[in-house]
Structure formats: structure tokens, C-alpha cells
Amino acid sequence: MLLLPSRDRQGAVCCCYRAATARERFSLRPHRRFYLSLEDDLLKQRAARTREIEALGYRPYGQRFDATHAVPDILREYGAKTAEELAARVDVRIAGRVMTIRHMGKAGFAHVQQNGEKLQIYVRKDAVPERDFALFKMLDLGDIVGVDGYLFRTRTGELSVHVEKLEFLSKTLLSIPEKWHGLEDVEIRYRQRYLDLIANPAVRDVFVRRARIISSLRRQLESRGFIEVETPMMQPLYGGAAARPFVTHHNTLDVDLYLRIAPELYLKRLVVGGLERVYEINRNFRNEGLSTHHNPEFTMLEFYQAYTDYRGLMDFSAELLRQAALDANGTTVAEFEEHKIDFASVRRLSMREAVVEFWTGADKPSIDNVADPEWLLRHSSKATAGEALTDLFERHGEEKLIQPTIIYDYPVETSPLSKNKPGDPAFVERFEIYAGGMELGNAYTELNDPQEQRRRFEMQIGMRQRGDQEAHQMDEDYVRALSYGMPPTGGEGIGIDRLTMILTNSRSIRDVILFPLLRPEGPIDLVQSLRELDGEK
RNA sequence: GGGCCGGUAGCUCAGUAGGUAGAGCAUGUGCCUUUUAAGCACAGGGUCGCGGGUUCGAGUCCCGCCCGGCUCACCA
């Protein structure tokens, strides 16, 4: 009886978590058919109306409709034209979803929405075939129609289509959200994103801008000779990041596989093979908590460029971000929460400098302090000086990095795949990009010495044996690939979701992912209602 | 996983002190040929997230559970 989620979760427990029998499930919901809820009522009305539409000779689920314009095109092209300018008749043929209807006896107005924008149509009895006016009178909010007519301005000045022919293209059986407040229930917005997109044009805009960001990055990489590749998402060994994986199973091979936590090790194998500039934009999966900044599947751009190093990537990253901001928003300045974040330039600080600069509280350290292992270990509970420095940076610096900032030179302990800094073996040539208080990207000069890589993996295995579940595993094939010689290479990953958050002023990562991960919803009960309607025909 | 907040009509929300469950939009019927949150009249629509308890009586108080949001922890 309830077609929308957000209530009656008990059934969900029953069917999803306890494997109840059909009889148990039925007995839990004994009242279901004794009530005639409003929504069942609406469903019945609309099913009946579907048959009436058919009786008038229209197909309730329509057919091809070749429009002359999309609604946004008309608004752009004719939005500024006066009534006099429109007097020279402009014929249009448009399609869209009916969002409002105002009937006035022998005439009426409606707004038709397409691609997130609305255009008013005016239907009067003496201007359309009799059958079309009968159809107009039985339209429901949410139906999809096509119209032929000409543009005019109403007495109140709104650009509208004076309809001469009405076509029916698709029936809605369920009610669309209310016109004034739209859809605000966050849970329904995420679960039924299609309703969110219909009701909230700003949501559509976020995803349009997300697409522009991705195509901007692709265009920039392609223009510099990078080629796009796809590497395995199901991997027998997972690696390239510190994270816990999702596990799955292949039946025929009878092997467990991991959903990748990063594509890194495969992309570098390709660099070994001579694909000197490669990139991949796709999903990573990490079996960890959810938050406003974390979704278990998220989109990363990773790219590798042979014969450069992390310094080269710093310059390139700054340009990539600047241009992506420009392509998404037409300006390098992004309004994010209460900040104006300017991607025109990117500040650079070493991690040690950042700890000093952003230190909160008394006894601010000196650069010499943060380079002193003993001092570091006194100020953190971590086991090694390197981990202590990272810990202090995360506690003091990270959230203050609002403007785009590169933090460089990381301790070796947390970076098993990066090349050492010459003359400072405790550090590696690595940087991360921060903006809006979030980590956006991570890059380094790739470690290409197979002996050193073997030692790093062994160090990680030691950490794993001491209980670090996220420490890297030994990947012997990767060491073998490096043993054939990988050119000196710089590699980088950029979190597309987070970049999109900043460039679309979205507080939560769920607002930039079309279908963020949620717990499965309870019974929907629509199929049963539809089955009953089918029987009543 | 911890803390805080929320779940009442299709949608957006009220709900007083524990005493017969409300509004606007949407829906149905009638009127209305340039309206625009169109208007007027009448009508229908609720397992108050689920279960248990206290009580003569629970949307309201207590306990447990489900779902969501924020936040902390972990992470990018």
C-alpha cells in the first residue's frame, strides 16, 4: 500500500536480514489490502485514465517524436524577444514533462519541462482538434507530451507556445513531487534520484558540471598525448593504496577476487610496456566507513607520465585544476561553503613547513624541531618519526588547507610505492593536493628500483604482521615488471568526486554521486498494486 | 561502531498539558478562453517508521529495533 520508502522498515529486516518465509512476511503485514490508501487510489485513477487516453486514440506510451527545438534552446533563442518580434510566426514542436497545469474551462496553461528548464504552453479549445482538447483535460502532472504550435507572449509577458496539436508521449502512474517545495526528503532524493532530477533543477546542474569536469580532464590529458586505458577492477591481489577491499568470487575459476582499491600497479605495468603516458578515470572500491567525504565506490583519475617527476606533476596538476574549474564554472574561483576557493594558483609547502605554519596552541615548533625524530616522537603516539610527522600534519594542518595547496615530501613509512628523496632516505618525492579542507590528489615520483620495491613490500608485510590491516601486500608480478625496467615516471591520482564537490559547492559526496551507497530499502509494494490493476482491466 | 537530530496524508510541514489527527500543495466533482504558488465551491485521502510497555486513554511518556541526516573514529 505504501509505494514510497521511508516507512515500514520492519519488512526490510524480515526479508533482507532474516530470510523469512513468504508466509511470515505476509503475516507481518496483514492489513495491507484492507486499506485503500491515497496512493493506491491515485494509481487506480491513473490506470483508468490510461485506458481513456487509449480510447481517445492515443498511445499511452507514445512513439518517436521529432522536435524542432529543445526547451532550453527556445528559451535561449527567444527568451528576450518581444511580443511584436514574435508576431512573425515562429513554429515550434517540443516535448517534455508536464510540471504544472492550470485549467480555465475552455482553455488552460501548463508548464512543460525538458532538460531541467520549463516552457509554458497554452491550449484553447478552439485552437486544437477536439480530441486534443479532451486529452489536455485529462493530463496528469508528470505526463510526457509533445506539442506543435507557435511562440507568443501572454498578457503577463511569459514566453509560451500557442498549441495547435497535442501528442501524448508517456503516462505517469505515480505522483511527482509538489511544485513549490519540490522534493526535500534526502533519503528519497538519493534512492530515487530520477525524482530528484525531475523536481530539483539544481541537482541536474551539479551532474552536468561533474560531466564537464571529467571531459575537461580528459581533453587536457589527451591534448598532452595521454591515452585512456582500462585496467582490471577485479584483481587477484589488491594494491596501490592503503585500504581494506571488497571480496568477490569467480565461479568457473573458483578464485576469490578483490574489487580494486586503486589501478596504480596495473597502470605502471603499462608504463613498463612502453605506454609512456596513460590515464584511467574509473571507480575504486574501499571497504570502509561512509561519511560526507567518503563513498565506498568513488571515481579517481590516475595518470602516469614517463620521464617526469613529482616536480613536473606539481606544475601539471595546478594547470589541470585551473582549467577544470574554468571549464566547469567559467571562472577559476569556486564558492565552497563560506569560502571562495581560487584555482588560479596553487600554493606549495613541504609537510614540515605545513606543520610549523599551521601549528595550533603554544610552543610552536621550528623547522629544526619537525626534522628531529626525537622531537617528533615526543609529540605523537605513533611508532616512527615519519608516522609522527604525518600524524602532526593531519592534526594541525589538513583542515586549514582551504585554498588549493600542494603539500610535498612525505615520510617513507606511509608511501611504499614512491621514490626516495636523494640525500634524505627517510622521505619520498610525494605530494598531495588539498582544497576546501579535503585531500583532492596524491602524486609521486614512482619508485622504479625493483630491489627497493621488494624491500618496501617486505616492510609493509612486517607492518601487516604487526596488525596493520591496510598495509600493502607483496605483489611479485609487479616487482617482476619493474625488473624489466620502468622509465623514471611521475604518477598522480585525483579524486573526481571531491573535486566536483568543491566546484559545485556540494557539502556531501552523496550530492555528487548519482546513486550513493545506502542500505537496501524495505518492500516497495508497487508490483503487487500493479498486478491487481492489471487484473481489473 | 559512539554521540546528537529526524521519520505524522502522494509532497512540504504543524500537532498545545497524554483526551476523537490538522494545513498548504497535489487528488476527485462542478464553474471558469491570456493564467502563473490562477481563482471559487464541495468532497475523498492517515497501521502518526516498526514492536513492546506505562495508562481508563499514547502521534505525544518509557524500552527495544529499523531507516536517514549530521558528527566523531577510520579513510581518499
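From a predicted model like this one, the values you see are computed outputs, not experimental measurements.
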Using Watson-Crick or G-U wobble geometry with both distances under 3.5 Å, which nucleotide pairs with [N]?
N      : value
B:rA41 : B:rU29
B:rG1  : B:rC72
B:rC65 : B:rG49
B:rU54 : none

Taking the same atom, [atom1], in [N] and in [M], what whole-Å distance lies between them?
N      : M      : atom1 : result
B:rG52 : B:rG57 : P     : 15 Å
B:rA37 : B:rU33 : C1'   : 22 Å
B:rC70 : B:rG28 : P     : 37 Å

Considering just the side-chain nitrogens and oxygens of [X], establish if one lies under 4.0 Å of OP1 or OP2 belonging to [N].
X      : N      : value
A:R510 : B:rC70 : yes
A:R153 : B:rU34 : no
A:T292 : B:rU71 : yes
A:R49  : B:rG28 : yes
A:S291 : B:rC74 : no
A:R498 : B:rA76 : no
A:R124 : B:rU35 : no

Contact class for [X] (heavy atom, under 4.0 Å): base, sugar-phosphate, or nothing?
X      : result
A:Q45  : sugar-phosphate
A:A241 : nothing
A:G182 : sugar-phosphate
A:L440 : nothing
A:D497 : nothing
A:N295 : base
A:L518 : sugar-phosphate

What's the [atom1]-[atom2] distance between [X] and [N], to the nearest Å?
X      : N      : atom1 : atom2 : answer
A:F152 : B:rU34 : CZ    : P     : 10 Å
A:M99  : B:rA37 : CE    : P     : 16 Å
A:L159 : B:rU35 : CG    : P     : 16 Å
A:H162 : B:rU33 : NE2   : P     : 14 Å
A:H103 : B:rC32 : NE2   : P     : 14 Å
A:Y190 : B:rG69 : OH    : P     : 6 Å
A:D41  : B:rA26 : CG    : C1'   : 13 Å
A:I101 : B:rC25 : CD1   : P     : 16 Å

- Measure from NZ or CZ of A:R430 to the centre of the six-membered ring of A:Y410 and say whether it is under 6.0 Å with the direction within 45° of the ring axis.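 Cation-pi check for A:R430 and A:Y410: passes.
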
Side chain of [X] only, heavy atoms from C-beta on: which candidate in [options] is closest?
X      : options                : value
A:E439 : B:rU35, B:rA76, B:rC67 : B:rA76
A:E184 : B:rU27, B:rG68, B:rC13 : B:rC13
A:E470 : B:rU12, B:rU34, B:rC74 : B:rC74

- Item | Along RNA chain B (nearest heavy atom to each residue), the more 5'-positioned of A:T154 and A:E178 |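 Nearer the 5' end of the strand: A:E178.
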
- Query: Want to settle it: does A:K106 or A:D140 sit nearer the 5' end of RNA chain B, counting the closest nucleotide to each?
  - Reply: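 This one resolves to A:D140.
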
Check whether the side chains of [X] and [Y] place a donor and an acceptor atom closer than 3.5 Å, and report yes or no.
X      : Y      : answer
A:E117 : A:Q113 : no
A:E158 : A:H111 : yes
A:R97  : A:T172 : no

- Message: Using only modelled atom types and a 3.5 angstrom limit, is any donor from either the side chain of A:R102 or the base of B:rU35 paired with an acceptor on the other?
- Response: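 Such a pair is found, so the answer is yes.
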
- Query: With no angle test and no hydrogens, is the base of B:rU35 tied to the side chain of A:E158 by a donor-acceptor pair under 3.5 Å?
  - Reply: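 There is none.
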
- Does the pair A:R507 and A:D511 meet the rule for a salt bridge (charged side-chain N to carboxylate O under 4.0 Å, His left out), with working shown? CA-CA 7 Å; A:R507 293 186 59 84; A:D511 293 324; over 6 Å; no

- Task: Classify the ring geometry between A:F152 and A:Y122 as parallel (under 30°), tilted (30 to 60°) or perpendicular (over 60°).
- Result: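 Rings of A:F152 and A:Y122: tilted, as their planes differ by 30° to 60°.
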
- Can you check whether A:Y310's main-chain N or O pairs, donor with acceptor, with A:T445's side chain at less than 3.5 Å?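 Indeed, once roles are kept as given, a pair shorter than 3.5 Å links the two residues.
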
- Task: Verify the stacking flag for A:W180 against B:rG24: centroid separation must be under 5.5 angstrom and the ring planes must differ by under 30 degrees.
- Result: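 No, the aromatic ring of A:W180 does not stack with the base.
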
- Message: I need the single residue from A:V90, A:I121, A:V123, A:D148 that forms a side-chain contact (heavy atoms from CB on, under 4.5 Å) with A:V161. Which is it?
- Response: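 Of the listed residues A:V90, A:I121, A:V123, A:D148, the side-chain contact (heavy atoms from CB on, under 4.5 Å) partner of A:V161 is A:I121.
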
